[in-house]
2 protein chains.
Amino acid sequence: MGKVTIKDVAQEAGVSKATVSYVLSGSDLIAEKTAQKVRAAAAKLGYSVNHAARMLATDRTNTIGVFAPPHRAGYFSLSLGGYLYSLSDAAREAGYDTMLFTDGNGVEALRKAVGTKRIDGAVLMEVSEGDERLEAVRRLGLPSVTLGMSEPDSGVDAVDTDFESAARVLVRNLASHGHRDVLLVGWPEWMYAKGVNYAVRFREAAEAEARRHGMALTVVCARNEALGSARELSAALHEHPDATAMIVHNDAVMMGMNQTLRELGVDVPGDLSVEVVVPDQMGVGMRVPYTGVDIDLDAVAERAVDVLKRRIARPDRPVVRELVQQPLADLGSVRSL
Amino acid sequence: MGKVTIKDVAQEAGVSKATVSYVLSGSDLIAEKTAQKVRAAAAKLGYSVNHAARMLATDRTNTIGVFAPPHRAGYFSLSLGGYLYSLSDAAREAGYDTMLFTDGNGVEALRKAVGTKRIDGAVLMEVSEGDERLEAVRRLGLPSVTLGMSEPDSGVDAVDTDFESAARVLVRNLASHGHRDVLLVGWPEWMYAKGVNYAVRFREAAEAEARRHGMALTVVCARNEALGSARELSAALHEHPDATAMIVHNDAVMMGMNQTLRELGVDVPGDLSVEVVVPDQMGVGMRVPYTGVDIDLDAVAERAVDVLKRRIARPDRPVVRELVQQPLADLGSVRSL
DNA sequence: CTGAAAGCGCTTACAG
DNA sequence: CTGAAAGCGCTTACAG
């Protein structure tokens, strides 16, 4: 039961509460023999530390807040759920509990969480340009890390997949196979306009790398974020009959793509070479049969939590900006011209 | 700053800590005039209650734990993320914070959360037959509600969409339009075998209702949970050329279906009438153009949190089992024969 | 190496 | 109607 306290353990072990506390928090100040008695007593009584009491005494919550992106109706992010799992898993492994915040107003949620001392730090999911949460965590002095890169001068740690590198790798791979006319199927226009970070970073790096290789890269924006974009896909292919390859950076488009291409009678890679950027979990679930960069959500989340943990430990250390490299998996959907 | 305590507020207002506490917790024992002074002082100082201290004093956490289903690689549940949002939103509105638990071993996670007094209650997502978490919450005395129906004698509150009713409505609708040979495209076999609750309930109710109408209902199990099942879908249609209608109860199949049907040259509803069961959020995002039952995740989550809240308030009240009705939306994909 | 004691910031009978 | 005081279960200097 939850009724057993440190006092009971102390009595059972014949020592003081202080000694129990030291042993249980892993201090090595206590003689091993005593420590053993204490551990035995704790085990026998089924003791668990009362977290509220510990929080009050230490002013630490051992909890991180995950601030999810606002819940946009109609925008069904496929990576989101995966990231929530990965973050929670990584947090647990790092010794933290995870509190989930889905408030439309992230700033207000942050303010309240800090005011009531609910969390030691925050993961800010899906930052975008001018994200008000950045200013908020700075003002609140809340150790935080963004999932996605904030602007360099944000003053907040950032971790994300290295989308620039992914873009370069993908473009270079196509170039080396002789492709000179390539389509980049991306996100809806508004996401670039709003400056949604991964979208912009990938696109700009791809364009730069394409220029470097003398490759014509045409960006096609999906007209909405959902599956309907299959129609856009086919339109894009018709409008660009000379394209020999296509890079898809859009989960939702990905989902219907296999069927769409077959429907259109497009043979991959015979008629068209295809590369994708896709969260690994989606790849497994959907048996994505294309060469591309698999984004390992667990790895990104693990790095984010680690960076956050260090920030919590050393609030004044220099700002960290970490890009996680993701490997290119060759599934044979690119052919040489 | 978080540094201002009840003591500061008391000083500022010229009253005792007790009085401040009473005012802030909404007790009406305090004269309105005093209360106003206190509130003004609290506002002026920017006071927020220290949650750890309150938890320790009251033995309540004002936090609910959401115990997510195990993270199955390759199983990409589309409703899952939506439910996490909806639950967190509903919890916040009910005055709770939300702690997210994704441990593979839910029982262990429950034990720890209760032992360390982290939560007042739990939402158990995706219960299935013989779910060990049910026994665990009973033993731990943890107020809980399942999202999805547990067995009737589980002793744990349950809330879910009324899938039986949804199945009956859908079958009845087809029957009234003269359909006598219908396909039910469901979940992978193993989900029925494992007794995954909503899958079984929908299927059995549909079968029963079909019998009642003298309708031949053939269940087609998707061979995997992901988009690949488009292939199964077309196979099923070929094997059952006499079927005049199809009910799809499988998010993943849904996603590719639009394309698949076009690819197969199947006109809806000319050649085939189609009904679906789909989370409303997916419907919006993916513009699902089929008649069917839209599952309102927010509504289900709101009910679940409400039931849990009452259970926390009255641990000994009779077990509640609540089914949320979801309306049939007619989008014209069923024709009369 | 161990224990007595103060303190974390609240809440809540209990007196008045 | 308000305040003094005990108590929630820990942690952590500080003495010894």
What pairs with [X] under side-chain hydrogen bond (donor to acceptor under 3.5 Å, both in side chains), at least two apart in sequence or on another chain?
| X | result |
| --- | --- |
| B/Glu108 | B/Arg111 |
| A/Glu135 | A/Arg138 |
| B/Asp89 | A/Thr102, B/Arg92 |

Over how many whole Å does the gap from [X] atom [atom1] to [N] atom [atom2] extend?
| X | N | atom1 | atom2 | result |
| --- | --- | --- | --- | --- |
| A/Gln11 | C/dG3 | CD | P | 13 Å |
| B/Arg60 | D/dG9 | CZ | C1' | 19 Å |
| B/Asp8 | C/dC8 | CG | P | 11 Å |
| B/Arg118 | D/dG9 | CZ | P | 17 Å |

What pattern of brackets, bars and dots sums up DNA chain C from 5' to 3', given Watson-Crick or G-U wobble pairs under 3.5 Å, [ ] for crossing pairs and | for another strand? |||.||||||||.|||
Can you name the side-chain contact (heavy atoms from CB on, under 4.5 Å) partners of B/Val319, sequence neighbours left out? B/Asp157, B/Arg321
Once side-chain contact (heavy atoms from CB on, under 4.5 Å) is applied, do any residues pair with B/Ser25, and if so which ones, sequence neighbours excluded?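 Result, side-chain contact (heavy atoms from CB on, under 4.5 Å) vs B/Ser25: none returned.
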Do nucleotides 10-16 of chain D as a string where each nucleotide becomes B, S or -: B if the base has a protein heavy atom under 4.0 Å, S if just the sugar-phosphate does, - if no protein is that close. BBBB---
A/Asp8: which residues meet the salt bridge (charged side-chain N to carboxylate O under 4.0 Å, His left out) condition with it, sequence neighbours left out? none
Taking A/Arg133 for the side chain and A/Met125 for the main chain, is one N or O donor matched with an acceptor at less than 3.5 Å?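 Side chain of A/Arg133 to backbone of A/Met125, a donor-acceptor pair under 3.5 Å: yes, one is there.
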Donor-acceptor pairs are to be reported for all side-chain atoms of residues 34-44 of chain A against protein atoms at under 3.5 Å, with residues two or more places apart or in another chain.
unit_1, atom_1, unit_2, atom_2, d
A/Gln36, NE2, A/Glu32, OE2, 3.2
A/Arg39, NH2, A/Glu32, OE2, 2.9
A/Lys44, NZ, A/Glu12, OE2, 2.9

